[in-house]
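Beneath this line is the structure, given in structure tokens, with notes to follow.
Atoms within each ligand, like the ligands themselves, are counted from 1 in listed order.
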Amino acid sequence: MSWPFWACARASGPELQGPRAAQVAAAVFPSCERVRLLNTGSEATQAAIRLARTCSGRDKVLRFEGHFHGMHESIWFNHSMVSKVDDHGEVETNPDSVGFPIHAKDGVVNVVFNDVEAFEHALKKYKDQIVCVILEPISYNCGCLESRGDYLRAVREICTRENIVLIFDEVVSGLRMRPGSAQKYYGVLLHLTVMAKAIGGGMSIAAFGGKKGIMEHLNPIGKAAVSGTYSGALIPVLASVACLTMASEEGFYDRIEDTGNKLFAGIDGLLAKHNIAGHVRGLGARFGIYFGVENPEDDFDFRKVAAVQDKTTYKKFLTECVKNGLWYP
Ligand SMILES: Cc1ncc(COP(=O)(O)O)c(C=O)c1O
């Protein structure tokens, strides 16, 4: 953007910029007809879950082990730990922080990712109790944990069959990998999309969106209340319009992908040269280094990676990065 932000705002009217950002976001994310702006990813997942609850009398949220959706009490469970799992793939729910209300975990069901049978089993067990399913279509919070084969399509079909709202948390994957983000890459249209981070290019902005029918349950038309003092603040909104527009330009992702692939191959080459077990898995502008993981098939399984991951080397790598001025995480 060659104009300063304030000049753009004055030229086209600041009050029109919020709707414009929402419109551009809707054009970039195929599942969205309407978009509501907020400030952080945590707020946006919280609002999306509330909106889902508005659409039915059900209560529980089904989430997947390892995935991260923000720091609020309705969802921050089982992100950074491996908990007990039963024979059907249901994982004991454990909070990622102390200080949660005692009953918060009753609102959540945790299941292993990439396992259709485990998903079906949980839905049968909690029949008519699950209001929504939330997931990272590519869990960059677990390194670069992609969904396997037709898994996401199966999840979509099952949610439709069971009348469950499906939420893709594209806070990290959104705008960072391909045109249309993960939902287009996997060819899965869903009820609600959450976006943040890259849509503001470093500014504090987040959003969630979906089809008109579901979004109309939001205030002021509907009864689901969502608001915030800084929601739709001008400077982040202008940054977002610029980022979303840039991401729509022809060839934008070719360069990202090309740079990423060179970087991934370079790191893989160094690991091999120095006889360090492990590899890189990346997609778009984000990747994970899987120290100690020798079989790339294991990357699809949070538990397998956690079991074989070489934490000592990873820690050493992080420490050396910081010493050399690279804040890797
Ligand atoms: C996938 C995902 N969802 C939600 C969030 C929460 O976003 P925020 O930190 O902006 O609240 C994050 C943050 O890293 C995230 O990675």
Counting non-hydrogen protein atoms only, what is the nearest one to atom 14 (O) of ligand 1? Give residue, atom name and distance. K197 NZ, 2.9 Å

Where ligand 1 meets D169 - atom numbers and elements under 4.0 angstrom, heavy-atom basis: 1 (C), 2 (C), 3 (N), 4 (C)

Output field: ring centroids Y151/F113 closer than 6.0 Å: yes

Under 4.0 Å from ligand 1, counting heavy atoms only, is it the side chain of E136, its backbone, both or neither? side chain

Which residue and heavy atom of the protein sit nearest atom 10 (O) of ligand 1, plus the separation: G41 N, 2.8 Å

Who passes ring pair (Phe, Tyr, Trp, His ring centres under 6.0 Å) against F29, sequence neighbours left out? none

Taking only heavy atoms of V171, which atoms of ligand 1 are found under 4.0 Å from at least one of them? 1 (C), 2 (C), 3 (N), 4 (C), 5 (C), 12 (C), 15 (C)

Starting from atom 16 (O) of ligand 1, what is the nearest protein heavy atom, named by residue and atom, and what distance separates them? N141 ND2, 2.9 Å

Is the closest side-chain heavy-atom distance between T93 and V109 below 4.5 Å? no

With a cut-off of 4.0 Å, which atoms of ligand 1 are near a heavy atom of S42? 6 (C), 7 (O), 8 (P), 11 (O)

Report yes if E43 has an N/O atom closer than 3.5 Å to an N/O atom of ligand 1; otherwise report no. no

Give me the nearest non-hydrogen protein atom to atom 1 (C) of ligand 1 as residue plus atom name, then the distance to 0.1 Å. F68 O, 3.1 Å

Does NZ or CZ of R281 fall inside the cone over F300's six-membered ring, less than 6.0 Å from its centre and within 45° of the axis? yes

With a 6.0 Å cut-off on ring centres, are F317 and Y328 close enough? yes

